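Keep in mind it's a predicted model, so treat the numbers as computed, not measured. In each ligand, atom 1 is the first atom listed, and ligand 1 is the first ligand listed. Heavy atoms only: backbone and side chains are in, while hydrogens, waters and symmetry mates are out.
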Amino acid sequence: MRPLVFLSGLLLCSLGGLAHHDGPDWPAEHFETGTWSPPHLLLGKSGNYNPGSIFINVRTNIETDTGQAPTIYDNDGEMIWQGVRRKTMDFKMQKLFGEDVITYWDGETNMLGYGYGRVHILDTSYKEIYVITLPDQGFVANDGKKRETYVDVHEHLITPKGNIIVSAINITQGDTSMRPEGYPGAWIIDCLFYEIDIKTNEILFGWSAYDHREFLPLERSKLDMGSNGEHGESQVKPWDAYHINSIQYTNHGYLVSVRYFFAALYLNFDGTKRWMLSGADDNEGDIQNDAHFAWQHDMRVFNETDDSMVITVFDNDVPVRDLTATHESTGVAVHVDLKNMTGTVFRHVNSHDHDPAEAKTQGSLQLLDYNNTAHMLASYGSFPKFREFDGDGNIVMMGQFGYSGHAQAYRTLKYPWHAIPHYPPVAVAKYLSKYTSDIYVYMSWNGCTEYDNWNIYSVSGFESTIDQGTLLDNHRRNGFETSASLRDPNAKFLIVEALQGDKSLRVSEVIEVPRAFEDKNEKSSRFLRQSLRGMN
Ligand SMILES: *[C@@H]1O[C@H](CO)[C@@H](O)[C@H](O)[C@H]1NC(C)=O
Ligand SMILES: *[C@@H]1O[C@H](CO)[C@@H](O)[C@H](O)[C@H]1NC(C)=O
Ligand SMILES: *[C@@H]1O[C@H](CO)[C@@H](O)[C@H](O)[C@H]1NC(C)=O
Ligand SMILES: *[C@@H]1O[C@H](CO)[C@@H](O)[C@H](O)[C@H]1NC(C)=O
């Protein structure tokens, strides 16, 4: 790893000096064929890595944030697809009725670290096939206002039955006087989840943490209410007692990550407790276990039988009330033996003290089935990096998408994504500069994973079809956007065609070749892009 890390350090320095952008000068890519602007993804590779595509929505602190669009990159850091530029989170691929779909949350986030929004489900042509909402169930928000839909940012998971599990919050009032800093009438964030039928948006099941204080007693929350109980004093500033951040369907119900209890809670389908596994040192769960985890995210279940299962956990291990503490965030896999009621750590992925990553907030851990070894992809939330570990715990890939403190991503995930868009490819023709007569053709097809070359045809007018055209050139695909110098300077109109080998997939609309250079002051972005390409 060391030579790679050194190399990326060099890259960072040289990139920093290249261009000035809004806010922190982590570079973004720019294209001639559209207004996409993905943050540059810096990748280091040192082994056999999972070939899947990288799904991420980068959040930045920039006021005019355009970076939060759901974005897919390939393993060379080239963008494959970018979706809407809205505040989106938790972008992933899932299966719905046996088909691959992409899903993401979109909505408003609040100062409490939660959100109110909806879930978008797109098919492999990027058509939106469902939008899931959570209508008002008598929810109270900290600002007292009503919303159209209440799906929270933390989880949306499609079940094998074609339902979707979503998280939600409600601000309620209760007695916390069993805590040293508590008092009656404290304002509390209740964490809830719902299972919703995707086809009808009908709510099939709902569950609330606050309603189950018999096994989630408030005195057990690891997050205090502040030394004077100031968290919880008002509706605007409620106490975050539970912080549920993942809900996984299981054979008998749900596995819920209760972040502020350091707990994995296994619920039956009726919402009663089956068992709880605790990552805290005092081991207050039902399972005797040697797995330590704290302030965790993203719990997932594998190989579940009635006797045992494997639970993977992203262990943030950074105390929420003391973000200055230095702890490395790691990934843990626990084998749970339900006959003996024991939990045993059998994998722990970390940096081995080299460049430790601290995820103060957010983060994910994904088990990747690859080449018969269980790779793990850890992403570090507020620390804008991710790492892929092989089955032996070696880092085989690492990525960075912003400067620490300026960029973050809730989860970063990898999937074998194959898509052909329902819309056609696009092209533009431009003079390279006002000093030359060279014309360039730029071609892209946002999200298409299945083409590898382009044909460029000259046609006589806007009404022409490709059959009436003259083939001018063929070009190998070069990343997201392919550029080619125009062979025939007399061509007036063009059509481009995306192909996989010899097979035509789709043609663009007719575009007009400009008569003269148009100065749009785009030279610097082109320079930056070409410089970045040159470095990869
Ligand atoms: C799969 O693993 C074997 C053994 O480690 C390795 O030689 C091979 O290159 C790997 N295949 C891929 C596609 O990475
Ligand atoms: C939300 O909390 C309020 C109290 O603030 C309560 O009246 C209401 O029933 C709760 N709603 C849900 C869905 O739990
Ligand atoms: C699940 O079980 C299979 C077969 O025993 C095993 O190869 C695999 O590693 C297990 N997965 C996990 C996550 O433990
Ligand atoms: C479970 O308990 C049984 C009986 O006490 C013991 O033989 C077995 O080794 C235990 N298994 C594990 C995985 O600890």
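- Looking only at heavy atoms of the protein, atom 12 (C) of ligand 2 is closest to Asn170 ND2, 3.3 Å.
- Short contacts between ligand 3 and Leu367, defined as distances under 4.0 Å to a heavy atom of the residue, involve ligand atoms 13 (C).
- Two residues are said to be in side-chain contact when any heavy atoms from C-beta on lie closer than 4.5 Å; Val336 and Leu277 meet this criterion.
- Under the 4.0 Å distance rule, the nearest protein heavy atom to atom 14 (O) of ligand 3 falls inside the cut-off.
- The shortest distance between side-chain heavy atoms of Lys414 and Phe386 does not fall below 4.5 Å.
- Counting only heavy atoms, the protein never gets under 4.0 Å from atom 5 (O) of ligand 3.
- At a heavy-atom distance under 4.0 Å, no atom of Thr312 approaches ligand 3.
- A donor-acceptor pair is defined here as one N or O able to donate and one able to accept, closer than 3.5 Å; such a pair exists between the side chain of Gln235 and the backbone of Ala141.
- For ligand 2, the atoms sitting less than 4.0 Å from at least one non-hydrogen atom of Val140 are 3 (C), 5 (O), numbered in the order shown with element in parentheses.
- The side-chain heavy atoms of His231 and Lys237, taken from C-beta on, include a pair separated by under 4.5 Å.
- Remark: minimum distance from atom 10 (C) of ligand 3 to any protein heavy atom is reached at Asn303 ND2, 2.4 Å.
- The nearest protein heavy atom to atom 2 (O) of ligand 3 is closer than 4.0 Å.
- Of the protein's non-hydrogen atoms, Gly138 O, 4.3 Å is the one closest to atom 9 (O) of ligand 2.
- Residue contacts with ligand 2 do not include Ser208, since none of its heavy atoms lies under 4.0 Å from the ligand.
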| Do Phe314 and Tyr380 pass the ring pair (Phe, Tyr, Trp, His ring centres under 6.0 Å) test, and can you show the C-alpha distance, the side-chain angles, and the key distance before you say yes or no? | CA-CA 9 Å; Phe314 181 74; Tyr380 300 92; 5.8 Å; yes
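- For a threshold of 3.5 Å applied to N or O pairs, the pair formed by Phe139 and ligand 2 contains no separation below that value.
- Residue Gln173 places no N or O, backbone or side chain, under 3.5 Å from any N or O of ligand 2.
- Every atom of ligand 3 is numbered from 1 in the order shown, and the set under 4.0 Å from a heavy atom of Val310 is 14 (O).
- Under the 4.5 Å side-chain criterion, counting only non-hydrogen atoms from C-beta, Tyr114 is in contact with Asp240.
- Glu99 CD: 12 or fewer foreign heavy atoms inside a 6.0 Å radius.
- Under a 4.0 Å N-O distance rule, the pair Arg213/Asp190 does not qualify as a salt bridge.
- Taking only nitrogen or oxygen atoms, main chain and side chain alike, Ile171 reaches within less than 3.5 Å of ligand 2.
- In this structure, the side chains of Tyr260 and Trp295 come closer than 4.5 Å at one or more pairs of heavy atoms.
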